[in-house]
Student: 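Could you have a look at this structure, given as structure tokens, before my questions?
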Amino acid sequence: MGKFTLITSREYLNKITNKTFILSTLLTPLFIAGIVFFIGWLTSVNNERIKNISVVDNTGYIYDKLKSSNSIKYELLGDFSLEEARIISDTKSDYGLLYINNLESPKSIADSISFISEEASSLTIINNIESQLEKILTNENFKIEGIDIEKINSKKIYVNLLQETFQGEKTTKSDGLVKYIFGFVLGMLLYMFIFVYGSMIMMSVIEEKTNRIIEIVVSSVKPFYLMTGKIIGTSLAGLTQFIVWGVLFFIFTSIISSIFGISSTYEDSQIVLNASQDSAVSSAALGMISAFINLPLTNIMIAFVLYFLGGYLLYASIFAAIGAAVDNQTDAQQFLMPITIILIVALYVGMLTVPEDPNGIVAQIFSFVPLTSPIVMMMRIPHGVPLIEQIISVLILFLSVILIIWIAAKIYRIGILMYGKKPSYKELIKWLKY
Amino acid sequence: MNNLLSIDSVSKHFGQFTALNNVSINIPEGSIFGLLGPNGAGKTTLIRIINQITAPDTGKILFNNSALNINHIKEIGYLPEERGLYPKMKIGEQAIYLAQLKGMDRQKAKLELKKWFEKFEISDWWNKKVTELSKGMAQKVQFIVTVLHKPKLLIFDEPFSGFDPINANLIKDEILQLNKDGATVIFSTHRMESVEELCEYIALINKSNKILDGKLDDIKRNFRTNTFEIAVSSNEVQTLKKQLELKYDILEPTFRTIGDNLKMNVKLKSNQNSDDLIKLLNERSKIIHFKEVIPTANEIFINSVEND
């Protein structure tokens, strides 16, 4: 046991003190943050060019209520005819000209407002103008009709159906999306972890083999401990990297949002908003949050830990065995191929089949097969999977883990001392009998 | 004499292939034992079995009169033929790590290592990485790691390969010193002059079978061909030559001498002895050189393997 700890800590320390590892740990989030920053910067540069919009307001009350923002500036042009205003605005090289006629009712005003611009305008600007005008004119209309806006807002009724399945699970309309996203993130995380750290283990085994240190080491310690120590040590390094990334991600996002956050909230809500739209937005957000809370979170957490552990150990052992069987990375490709295919199939089943029919036969089968179950089941669980199915699947997974570790240890034990030629699958099976 | 290691009827198969077939070897305590054999004979498999890297299919092994088990790992130091170090780890750190794997305490390992590093005048390598060292330098470190935990049994597989003559001599002297201090040494090598020089006992493995073992002197005695190198100075060379040819088997001389006018190798027949030969030579000439041809380890090796 002491030697196992020794190996694990060496593997761990060796990984986390490795220059490449440190660099990738620190640079990956920096790189991602850099890209986000760059995109943010590009957007802000784009927005910094303030778009001047000249307004001819014949009603006398609309312009006062138009709100300029960081990117759009409304400018009163005075009393001109459409033709005159057009020429003036053009010579001023405005972005556009908003011409508002004064007519009887807000409805007829709304129908006659024109916007003239140099080129086809961007959707955001048109939306900005339209939504502002809509709000102003609606409010004006209410006033004319003697309708109390405050009263309307306070008396508005919101409906949100209480959805429930026959099993008594509560759902909402945003549930589907949240479940999909949540499942996708979990499955993806597992997939990445398996690949990144699995191949790290493989490389480490190949390195020991090609450096010929292996025979010295296995004369002191059982190959099984060396293999498992390597797997655990590398996983711990991986977890460390994930934690560092998590912390850095949090720091960077708060920095970025504090830089770009202010400029992105130009949508000022001083004007009384269109009541129904407003509530739709907030109820969607609320729906997301409640959908998230409604997820079987305890179940997800326990399942995630189990599937993460099982799935990772399963694949890590396979990667270790592959590393032991070959002399170099090129030879490893032959054995990596089927694994890559299986993992990608799992990912596709999880992404395409599960959202369609989370408890369908395809999704069920793939969540029992140990090589695909960690990913597929993790993507299914947010949609709700009967407990007994989960238990059977986890049992199958962990029995396979034991079996695969046993097989991998056999291949590892023989492989690390075999040099020269790339073994065939047939030979690998023969090694199991040695 | 007590056997430190007693290998009893050990067999090992890899699928259809037999790596070792019913091999029994005894290695006396305190001896230097040469484990010889052509490439692929099964030496490495046997060494790996002793190191418990692989298990034998059948047969048993006693270490110091008790069945070989995991506790014996710290009693054995093994320098494999194919050896390396972690390229990215500092020399000192990895030497400590490897010593710890052999069950040494970290502090003790560090202390002992410092001594050895000073002895080999390589203290300034402590914080270097293997990639900065030459092959020979790395071999020195590997040698230190092998012997550091003061094992009862040292196993060297081609220990001198990769060393220049000066360092090879240095390592040889250290091995002899360790043997003098009580360590039993197993040598696996193809360099017969080292066997001749160092080994008291040998075992020869060929095609998975042990074909020969015992004290080197005894083996040589068994391999003697009753052949003598003679060189004489005589006035009647032709007569003497005829006489010798009539009585004995005459072979081409395999030695150098000066001041003679007749030299040859003389092989006695089974009923003849050297006294008669000396008498005959003495009567007819002046003996300049007379020596029994003792088979070299090399000859024994080649003969045994070819006749096997």
Side-chain angles (χ1 to χ4, degrees), chain A residues 1-22 203-226 229-230 233 327 410 412-420 423 426-434, chain B residues 12-17 19 44-45 47-55 57 70 72-90 93-106 109 130-131 135 138-139 141-143 145-146 148-149 151 153 155 157:
Chain A
M1 205 57 208
K3 287 182 185 177
F4 175 71
T5 322
L6 198 65
I7 292 167
T8 308
S9 58
R10 191 204 81 88
E11 290 294 334
Y12 176 73
L13 291 174
N14 193 38
K15 284 273 141 31
I16 62 163
T17 53
N18 180 295
K19 274 193 199 111
T20 325
F21 187 85
I22 294 172
M203 290 310 299
S204 163
V205 174
I206 292 177
E207 189 196 69
E208 273 185 357
K209 208 182 150 180
T210 47
N211 291 327
R212 313 274 174 153
I213 178 98
I214 194 79
E215 192 153 0
I216 294 177
V217 176
V218 293
S219 70
S220 313
V221 66
K222 289 238 174 284
F224 181 76
Y225 290 123
L226 183 61
K230 197 176 273 301
D327 283 353
K410 285 244 170 190
Y412 183 85
R413 211 184 50 151
I414 306 292
I416 46 175
L417 297 171
M418 290 272 186
Y419 293 97
K426 221 172 117 190
E427 275 167 295
L428 289 187
I429 291 165
K430 252 168 52 188
W431 288 3
L432 299 182
K433 297 175 200 147
Y434 285 179
Chain B
K12 177 74 184 175
H13 304 268
F14 294 110
Q16 299 293 312
F17 178 73
T44 306
T45 304
I47 289 173
R48 283 178 182 167
I49 287 172
I50 297 169
N51 276 296
Q52 301 175 63
I53 294 172
T54 38
D57 297 338
I70 203 154
H72 293 132
I73 282 177
K74 61 176 183 296
E75 309 279 5
I76 302 176
Y78 172 37
L79 187 68
E81 179 177 9
E82 296 287 0
R83 47 196 180 244
L85 293 166
Y86 289 106
K88 286 170 197 152
M89 239 177 142
K90 284 178 182 164
E93 269 310 306
Q94 71 177 304
I96 291 177
Y97 172 68
L98 292 170
Q100 279 180 298
L101 279 186
K102 278 285 182 195
M104 271 183 103
D105 169 70
R106 191 182 167 83
V130 174
T131 40
K135 192 182 173 207
Q139 304 257 44
V141 179
Q142 284 151 352
F143 176 81
V145 169
T146 308
L148 188 75
H149 57 292
L153 177 64
I155 304 173
D157 198 347

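Keep in mind that what you see is a predicted model, and the values were worked out from it rather than measured. Every chain is numbered from 1, with letters handed out A, B, ... down the list of sequences. Side chains included, hydrogens not; waters and symmetry mates left out as well; all remaining heavy atoms used.
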Student: Regarding B/T45 and B/K12, do their side chains bring together a donor and an acceptor under 3.5 Å, going by distance alone?
Tutor: no
Student: Would you say the side chain of A/L226 lies within less than 4.5 Å of the side chain of A/Y412, judging by non-hydrogen atoms?
Tutor: yes
Student: Please flag which part of B/I70 lies under 4.5 Å from any non-hydrogen atom of chain A: side chain, backbone, both or neither.
Tutor: side chain
Student: Please classify the contact between B/Q94 and chain A as side chain, backbone, both or neither, with a heavy-atom cut-off of under 4.5 Å.
Tutor: side chain
Student: I'd like to know which of B/M89, B/Q52, B/K74 tops the heavy-atom pair count under 4.5 Å against chain A.
Tutor: B/M89
Student: State plainly whether the residues B/R106 and B/E93 are in salt-bridge range, i.e. N to O under 4.0 Å.
Tutor: yes
Student: Is A/I214 in contact with chain B via its backbone, its side chain, both, or neither, using a 4.5 Å heavy-atom distance?
Tutor: neither
Student: Would the distance check show the side chain of B/K88 and the main-chain N or O of A/N14 forming a donor-acceptor pair, the cut-off being under 3.5 Å?
Tutor: no
Student: Picking from B/T54, B/N51, B/I73, B/L79, which has the most non-hydrogen pairs under 4.5 angstrom with chain A?
Tutor: B/I73
Student: Taking side chain as C-beta onward, heavy atoms only, is A/I7 less than 4.5 Å from B/Y97?
Tutor: yes
